[in-house]
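Worksheet for the structure shown next.
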Amino acid sequence: MIGNQSDRQTCQAVSHGRSELVLDIERVLDLTTRQTVRAEFRFDPDAPWVVSVELAIEGGPCVLWRISRDLLHQGLYSVSGFGDVQLWPSYPADRATARLQLTSRDTAALFELPVPPLAEWLADTYEVVPAEAELDETDWDAATADLLQEPQAHCD
């Protein structure tokens with residue numbers, strides 16, 4: 001993240017309903033150019049293995065990605081993922097960050113995320129639904145329908 005720029009962080013408490021974390025993250029365009037992007041991370045206990053991440057540029061389009069909760073958690077501390085979604089830690093001198101690379105067809109985007117708020121939020125989601133209990137009450141018909149449904153972005 002750039003210098004003294006403060007991150008906007010909003011977190012709604014994780015409860016039996018959906019949970020959301022809103023962060024201003026940075027898209028890395030080149031060595032010296034960054035673009036602020038609003039990232040909304042959403043967790044639904046009814047589908048605990050996935051986190052929906054909505055990325056929106058002010059005045060621009062928004063994109064919705066569904067990313068494994070375990071991939072996000074592991075990627076804050078070590079290299080995680082392959083293919084379309086990859087996450088790995090990056091430790092600049094002033095703060096702990098992670099790099100998220102998203103690839104779709106011929107396009108790739110690299111983002112820098114602050115680790116502390118995301119790690120805390122993910123830990124809260126694991127309090128609600130522990131990793132070993134993710135599949136305990138899965139409605140496989142609903143889960144399959146959800147995966148096959150076109151993602152709906154909720155940009156303002």
Side-chain angles (χ1 to χ4, degrees), residues 1-2 5-29 34-90 92 95-131 134-135 138 142-156:
M1 302 280 171
I2 298 175
Q5 179 182 359
S6 64
D7 300 320
R8 179 183 75 183
Q9 300 175 13
T10 306
C11 187
Q12 297 177 356
V14 178
S15 64
H16 296 295
R18 293 176 184 244
S19 169
E20 182 176 285
L21 171 69
V22 178
L23 296 174
D24 279 344
I25 64 173
E26 293 183 346
R27 181 172 180 196
V28 179
L29 299 172
R34 308 287 177 107
Q35 179 181 36
T36 300
V37 176
R38 184 185 74 223
E40 295 183 16
F41 297 81
R42 291 190 186 95
F43 171 76
D44 182 351
D46 293 332
W49 55 89
V50 67
V51 171
S52 295
V53 182
E54 187 176 282
L55 302 168
I57 299 168
E58 187 174 331
C62 64
V63 178
L64 181 66
W65 282 77
R66 291 185 179 135
I67 301 173
S68 160
R69 180 170 66 148
D70 288 342
L71 184 151
L72 283 174
H73 182 259
Q74 180 183 344
L76 298 179
Y77 308 102
S78 63
V79 176
S80 180
F82 57 91
D84 293 348
V85 180
Q86 297 177 29
L87 185 66
W88 64 93
S90 169
R95 62 199 297 173
T97 60
R99 298 278 173 108
L100 172 65
Q101 182 170 301
L102 303 173
T103 306
S104 177
R105 295 189 187 125
D106 296 333
T107 304
L110 180 64
F111 300 92
E112 192 168 76
L113 316 169
V115 169
L118 186 53
E120 181 179 325
W121 180 79
L122 284 169
D124 289 345
T125 71
Y126 283 109
E127 290 282 325
V128 174
V129 181
E134 286 180 338
L135 303 178
T138 301
T144 302
D146 185 51
L147 289 172
L148 297 175
Q149 179 182 10
E150 278 293 315
Q152 300 294 318
H154 303 288
C155 293
D156 297 328

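This is a predicted model, so every value here is computed, not measured. Both backbone and side-chain heavy atoms feed into the values below; hydrogens, waters and symmetry mates do not.
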Inset, instruction - For the pair Val85 and Leu100, evaluate side-chain contact (heavy atoms from CB on, under 4.5 Å) and give the outcome as yes or no after the intermediate values. - result: CA-CA 7 Å; Val85 180; Leu100 172 65; 4.1 Å; yes
Legend entry - Side-chain heavy-atom pair Arg34, Val28 within 4.5 angstrom cut-off: yes
Inset, instruction - Give the minimum heavy-atom separation between Leu102 and Phe111, together with the two atoms involved. - result: CD1-CE1, 3.9 Å
Inset, instruction - Kindly give the heavy-atom pair with the smallest separation between Ala39 and Ile25, and that separation in Å. - result: CB-CD1, 3.8 Å
Legend entry - Close side-chain approach of Leu87 to Leu113, heavy-atom, < 4.5 Å: yes
Inset, instruction - Can you see which heavy atom on Pro48 is nearest to which on Pro45, and at what distance? - result: CD-O, 3.2 Å
Legend entry - Any donor-acceptor N/O pair, Ser90 side chain to Thr97 backbone, under 3.5 Å: no
Inset, instruction - Locate the shortest heavy-atom distance separating Cys62 from Ala56; write the atom from each residue and the value. - result: CB-CB, 3.8 Å
Inset, instruction - Report yes if the side chains of Asp84 and Ser104 come closer than 4.5 Å at any heavy-atom pair, otherwise no. - result: no
Legend entry - Side chain to side chain, Val129 and Arg69, heavy atoms closer than 4.5 Å: yes
Legend entry - side-chain contact (heavy atoms from CB on, under 4.5 Å) between Arg27 and Leu55, intermediate numbers included: CA-CA 10 Å; Arg27 181 172 180 196; Leu55 302 168; over 6 Å; no
Inset, instruction - State the CZ-CD distance between Arg99 and Glu26, to the nearest 0.5 angstrom. - result: 9.5 Å
Legend entry - Shortest non-hydrogen contact between Ala98 and Gly75, atoms and distance: CB-O, 4.2 Å
Inset, instruction - Taking the side chain as every heavy atom from C-beta outward, state whether Asp70 and Tyr126 have any atom pair closer than 4.5 Å. - result: yes
Legend entry - Minimum side-chain heavy-atom gap Leu76-Leu122 below 4.5 Å: yes
Inset, instruction - Taking all non-hydrogen atoms of both residues into account, name the closest pair between Gln86 and Gly83 and its distance. - result: NE2-O, 3.5 Å
Inset, instruction - Check whether any side-chain heavy atom of Asp24 sits under 4.5 Å from a side-chain heavy atom of Arg38, and report yes or no. - result: yes
Legend entry - Heavy-atom side-chain contact between Leu64 and Ser52 under 4.5 Å: yes
Inset, instruction - Find the distance between OG1 (Thr103) and CZ (Arg105) and round it off to the nearest 0.5 Å. - result: 13.0 Å
Inset, instruction - Sort out for me which residue in Leu21, Leu23, Val22 forms a side-chain contact (heavy atoms from CB on, under 4.5 Å) with Glu40. - result: Val22
Inset, instruction - Evaluate the ring planes of Trp121 and Phe43, with Trp represented by its six-membered ring, and classify them as parallel (under 30°), tilted (30 to 60°) or perpendicular (over 60°). - result: perpendicular
